[in-house]
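Since we're looking at a predicted model, the values are computed, not measured. Chain naming here is simple, since letters A, B, ... match the order of the sequence lines and numbering starts at 1 in each.
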There are 2 protein chains.
Amino acid sequence: MSRLDWIAVDWGTSSLRAWGIGTDGSVLWAESSPTGMGGLAPEQFEPTFLALVAPHVGPSERIEAIACGMVGARQGWAEAGYRAVPCTPLSPDLTAAPTSDPRLSFRIIGGLSQADPADVMRGEETQIAGFQALNPKFDGVICLPGTHSKWVHVSAGEVVSFQTFMTGELFAALAGHTVLRHSVGGEDWDDDAFAEAVDDAVSRPEKLAARLFGLRAEGLLNGLPAAAARARLSGLLIGAELAAARPYWLGQNIAIVGATGISGRYGAALSGLGVTATLADGDAMVLKGLIAARSNTTEIPT
Amino acid sequence: MSRLDWIAVDWGTSSLRAWGIGTDGSVLWAESSPTGMGGLAPEQFEPTFLALVAPHVGPSERIEAIACGMVGARQGWAEAGYRAVPCTPLSPDLTAAPTSDPRLSFRIIGGLSQADPADVMRGEETQIAGFQALNPKFDGVICLPGTHSKWVHVSAGEVVSFQTFMTGELFAALAGHTVLRHSVGGEDWDDDAFAEAVDDAVSRPEKLAARLFGLRAEGLLNGLPAAAARARLSGLLIGAELAAARPYWLGQNIAIVGATGISGRYGAALSGLGVTATLADGDAMVLKGLIAARSNTTEIPT
């Protein structure tokens, strides 16, 4: 049986996940908790991490961890700076976080930045590296949908340029903190309403601002069902993203890396525009990227 | 000295305002409170209103009130239905709210609706009527900026068509409930950043979705000041509204009815597009509209 070699960590704003990797490279265990770095004070990072992995490590066992995500932001455990594109997604240099427990080495992967237009990513670089590990010859565009969707042009193993869209967060803010909350409740979904809204937003992006209140008005006057309103709001926002991201998908080789539900919606939206995209699982790519980061690093953990 | 004749009331989601109108038509007093109808249960409407006006009415004095705003919504004191445009902004028929106090008559002005594109207004019809009372021959477009901005085509004394934009609420949701809250804090303002953002959004509306996260990234990478980020966010959203509302302002006679600050911004944005607009004070127009509603009604208060 394989022994624990190191721990792969994805620590974002709202969740913490860890995978125990054995000496033979297999995943021995996985843990997750809602203790995202967004809710922690600096002195809580180390005990929070140690508590999560405690069931899997002996009292005198060395603990080597490599992490990606917002844990490396200025407000995180230790700031792992941004590297400017064009560059490979991963640097051989990792940032060591300060630790009290002498058993623990905790190193963090840095993010990427772009000067013009100004943009940043943190966490997605690891998913990109994971995708590249699986598809070493990939040349094209990776779309990573989510709270902050990214469109990333990748060529010859490097990230060439990228663009961030706040689409997921915009949906949550509109659905949760405006009058539209009365119209888009529940989890039901209407595929046709989604497809029509994507098409409308892509072909008439200048009308976007005029469409939003219509969801509320159609509910009041015509009884528009929540499933249709919800799907239409999502379609309008994803359509607006696609209208603005056109140079990233037009005539390009596209891969979508993300969770199944949202990736499927982006795939359907692109399909409506005549673009075929390949889907890859976001969680699997994070883990592959963390494994790539460890084999890539030239440092010795201290 | 003039005696109290009736009470004009503007009761919106977040505030309640009342003006005592004398037998000679003068305003005898004004009261306001943050007890908007959004925070009240049905049984609280009557006591809340009576408490606000109590200092100004005798124990056996008749109280006649005419109100506009969300107090007439389905969740309000009594539902005052929508009338479909084209029609005059005010109907001679008002909706009487149920009252327990035998001294009180409380009547509510109904809203307006439009079938296609589906749209509704409630409260703005009274401001429009006030503006018409002051400018009886006005033919053109009234812009009412705010939480839900309205563009209203008025001709021959009737509302012909209108369109609602959630611009104010969208700004509040983005500035308060997304990652942009870190970038747009404070009340400072940069006029040039506003003008550039309006121009950008009007001329390249398809790029809107790509601009939003840039406010955050420019803060992180280039230290974009909050005043510029705040003004740019406002300019992008108002610009998106103007791009979608183009048929309402292109070659039209425009009046802006609203609060001074936001009206000035819309005026500046339109000016940058070569359109001159006349500004009218929103509060004054509400009061004039309520007065017009009372002289317009054929009903006898019960």
Checklist entry - Under the salt bridge (Lys or Arg N to Asp or Glu O under 4.0 Å) test, which residues partner B:D190, sequence neighbours left out? => result none
Next on the checklist: Under 4.5 Å from any heavy atom of chain B, what part of A:R74 do you find: side chain, backbone, both or neither?
Outcome noted: side chain
Item to check | NE2 on A:H148 to OG1 on B:T178, rounded to 0.5 Å | outcome: 6.5 Å
Item to check | Inter-chain contacts: residues 80-91 of chain B against chain A, heavy atoms under 4.5 Å | outcome: B:Y82
Checklist entry - At their closest point, which heavy atom of B:P205 faces which heavy atom of A:E206, and how far apart are they? => result CG-CB, 3.5 Å
Item to check | Rounded distance [0.5 Å steps], CZ in A:R211 versus CD in B:Q163 | outcome: 8.0 Å
Checklist outcome for this item: If you tally heavy-atom pairs under 4.5 Å between each of B:A210, B:A217, B:G214, B:A173 and chain A, the highest tally belongs to B:A210
Next on the checklist: Testing the basics here: between A:E169 and B:H177, what is the closest heavy-atom pair and its distance to 0.1 Å?
Outcome noted: OE2-O, 4.3 Å
Checklist entry - What part of A:L221 lies closer than 4.5 angstrom to a heavy atom of chain B: side chain, backbone, both or neither? => result side chain
Next on the checklist: Can you list the residues of residues 113-123 of chain B that sit under 4.5 Å from chain A, counting heavy atoms only?
Outcome noted: B:S113, B:Q114, B:A118, B:D119, B:V120
Checklist entry - Which pairs, with at least one residue in residues 212-237 of chain B and sequence neighbours excluded, count as a side chain to side chain donor-acceptor pair (under 3.5 Å)? => result none
Checklist outcome for this item: Ranking B:R204, B:K207, B:M166 by heavy-atom pairs under 4.5 Å to chain A gives rank one to B:M166
Item to check | Smallest separation among heavy atoms of A:A240 and B:A209, with atom names | outcome: O-CB, 3.7 Å
Item to check | Residue part contacting chain B, namely of A:V179, when any heavy atom lies under 4.5 Å | outcome: both
